[in-house]
Protein chains: 2
Amino acid sequence: MARPASSSSECLRIHGKLARDLGVQIVSGVIRPGELLETELAASERHQVSRAAYREAVRILAAKGLVVSRPKVGTRVTPREQWHLLDPDVLAWIFQSDPEDQVLEALFELRMVVEPEAAALAAERRTSDQVAIMREALRDMTEHTLGTAEGRAADQRFHTTLLLASANPFLRTLTSSISTAVSWTTALKQRVRPLVRDPVPDHAEVLEAIASRDPDAARRAMRKLVELALFDTRTAPQAPSGRRSKRSKAA
Amino acid sequence: MARPASSSSECLRIHGKLARDLGVQIVSGVIRPGELLETELAASERHQVSRAAYREAVRILAAKGLVVSRPKVGTRVTPREQWHLLDPDVLAWIFQSDPEDQVLEALFELRMVVEPEAAALAAERRTSDQVAIMREALRDMTEHTLGTAEGRAADQRFHTTLLLASANPFLRTLTSSISTAVSWTTALKQRVRPLVRDPVPDHAEVLEAIASRDPDAARRAMRKLVELALFDTRTAPQAPSGRRSKRSKAA
DNA sequence: TTCACTGCTTTAGTCTGACAATTGAAACGG
DNA sequence: CCGTTTCAATTGTCAGACTAAAGCAGTGAA
């Protein structure tokens, strides 16, 4: 329960917190590609941490492709093309800092490419155990709705099992990155405006196609599901004022 | 000039080298998920580096999801499902250490899902400049063949431009990760047995479809290209014996 | 003038040794 | 038997010094 999903600033060591703070500044454009960061000495002083801790934070950012460090020249923010956009942390940082609509569109475009095929593969390869788990998850979803934490957890279980059933580790990593980020915003959207549409029928259709080992039907059903999710996202109200909210749809 | 392309073990600082070494040990199964690494003190002594440098290496691995560190308990290798398999470095480490056929199959499966759609999007969105660049790349490819570094560079240019034309940053990151890794197998294949099939016609077909803004044709052509690449990889002989060499470069 | 060299200087990179914080497990007490 | 406390092992953080890489300016020669 609870699991605040590491939202604000807890349980991370200080190098982790620093990495997150700097990461957010970078992906949100406060520090722009090509710019130099402060020198290690200046930065560590300003953040009131030791140089070692600051360096570990920078190593994390470098591991995710956001910066490169070179002696004498400094640590420079890399061009966007080099960022590891599918890294779960990077994605989280992006979502944490008011992503532009454009970014959300691109993400859904990716989902539209990947998830239907994943569903098709799952239809071919799923075990009966996996179908049982998905059935149970769908039932829980129906019972609790996406308005509750239990319901969202069930949704996540549904998709996780589907990905597992696709039996492709790369597909699995990829889509889990995406759905993690997307689900992150789901709760918020729920808060802004309760779900306008019942997501259960879409999921049920996907499940039945997979249960009956029908790849084409699974692909079609999943495509529809993602399309509708995108539609919901598009029609979600813009954040009222000042602070913008992120929108999105249940994975 | 020269540009050794950071193939073996140069130009990386020692934390980078350490991270690579440990990373390879992990993805290759020498250190298995669930196992504990040595304590920082022991490890840094054994590798003859300072604890600080060792810690920076571990931070890099943690940033890629390969390990987690906790006080009092130590640094533990995470289960495979948590690894960031699409991180370029992780992918490189996997390829550097005798990936099983299964892994290659899964990767091609992913390409088969993603690249045809990317081609379709490119057909819709490409600029005329991009078509020109791809045409030029294809010409260079024809001239030099994939047996040469120039030819492989041209191949890379072709695919990079295609991805750029798809105008989706996530797709771009994703496929560039893949193609980097795949290019390694290309070079190896070249070495073991010169190319059995001329790749130029496949590429030309993709290019023409994109040039004439025909998404469906682009999708079909790209699907064929990936299928044939997979076929070539499958029929490539397994590594002869004993220690396999690492390959590098090209796309 | 131009160009190659040579040092200077700035910056990240590395090392050392100490201390703090966390937390699993053992020791203790009820 | 169970909850609580204490302990100890391990990562986390800190400070300061030194090393190595690399841009840059100054120098000298062609």
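Every value quoted in this text rests on a predicted model; they were computed, and no experiment measured them. Reckoned from all heavy atoms, side chains included, excluding hydrogens, waters and symmetry mates. Naming convention: chains lettered A, B, ... in sequence-line order (proteins, then strands); numbering from 1 in each chain.
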Inset, instruction - Have a look at A:R51 and tell me which of A:E40, A:E38, A:E56, A:E45 forms a salt bridge (charged side-chain N to carboxylate O under 4.0 Å, His left out) with it. - result: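 Among the candidates, only A:E40 passes.
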Legend entry - Short side-chain N/O contact from B:S50 to OP1 or OP2 of C:dC15, under 4.0 Å: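 True: B:S50 side-chain N/O within range (under 4.0 Å) of C:dC15 OP1/OP2.
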Which whole-number value in Å describes the distance from [X] [atom1] to [N] [atom2]?
X     : N      : atom1 : atom2 : value
B:Y54 : D:dG12 : OH    : P     : 11 Å
A:E56 : C:dT14 : CD    : P     : 13 Å
B:E40 : C:dC15 : CD    : P     : 14 Å
B:Q48 : C:dG13 : CD    : P     : 22 Å
B:L12 : C:dA12 : CG    : C1'   : 15 Å
B:R55 : C:dA20 : CZ    : C1'   : 13 Å
B:R76 : C:dT23 : CZ    : P     : 14 Å
A:L41 : C:dG13 : CG    : P     : 14 Å

Inset, instruction - Find out whether A:H84 and B:D87 are in side-chain contact, i.e. whether some heavy atom of one side chain is under 4.5 Å from a heavy atom of the other. - result: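 A:H84 vs B:D87: side chains touch.
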Legend entry - pair A:V131-A:M134: side-chain heavy atoms closer than 4.5 Å: no
Inset, instruction - Using atom types as modelled and distance alone, determine if a side-chain donor or acceptor of A:T173 lies under 3.5 Å from a backbone N or O of A:P169. - result: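 Between the backbone of A:P169 and the side chain of A:T173 there is a qualifying donor-acceptor contact (under 3.5 Å).
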Legend entry - base_contact_polar (C:dG13 base, A:R51 side chain, donor-acceptor, <3.5 Å):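 Donor-acceptor pair under 3.5 Å: yes.
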Inset, instruction - Nearest-nucleotide wise, let me know which of A:H15 and B:R13 is further upstream toward the 5' end of DNA chain D. - result: A:H15
Inset, instruction - Inspect the surroundings of CZ in A:R80 and state if more than 12 heavy atoms from other residues, nucleotides or ligands are less than 6.0 Å away. - result: no
Legend entry - CA sep, side-chain torsions, deciding dist, call: B:R13, A:R59, side chain to side chain contact (heavy atoms under 4.5 Å, CB included): CA-CA 12 Å; B:R13 307 276 93 99; A:R59 288 280 78 75; over 6 Å; no
Inset, instruction - Could you identify which residues of residues 60-75 of chain A place a heavy atom less than 4.0 Å from some atom of DNA chain D, listed by residue number, or say none? - result: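 Under 4.0 Å from DNA chain D: A:R70, A:P71, A:K72.
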Inset, instruction - With heavy atoms under 4.0 Å as the rule, sort B:I14 into base, sugar-phosphate or nothing. - result: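 Sugar-phosphate contact only - B:I14 comes under 4.0 Å of backbone atoms but never of a base.
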Inset, instruction - Not counting sequence neighbours, which residues clear ring-ring contact (aromatic ring centres under 6.0 Å, His included) with B:Y54? List them please. - result: none
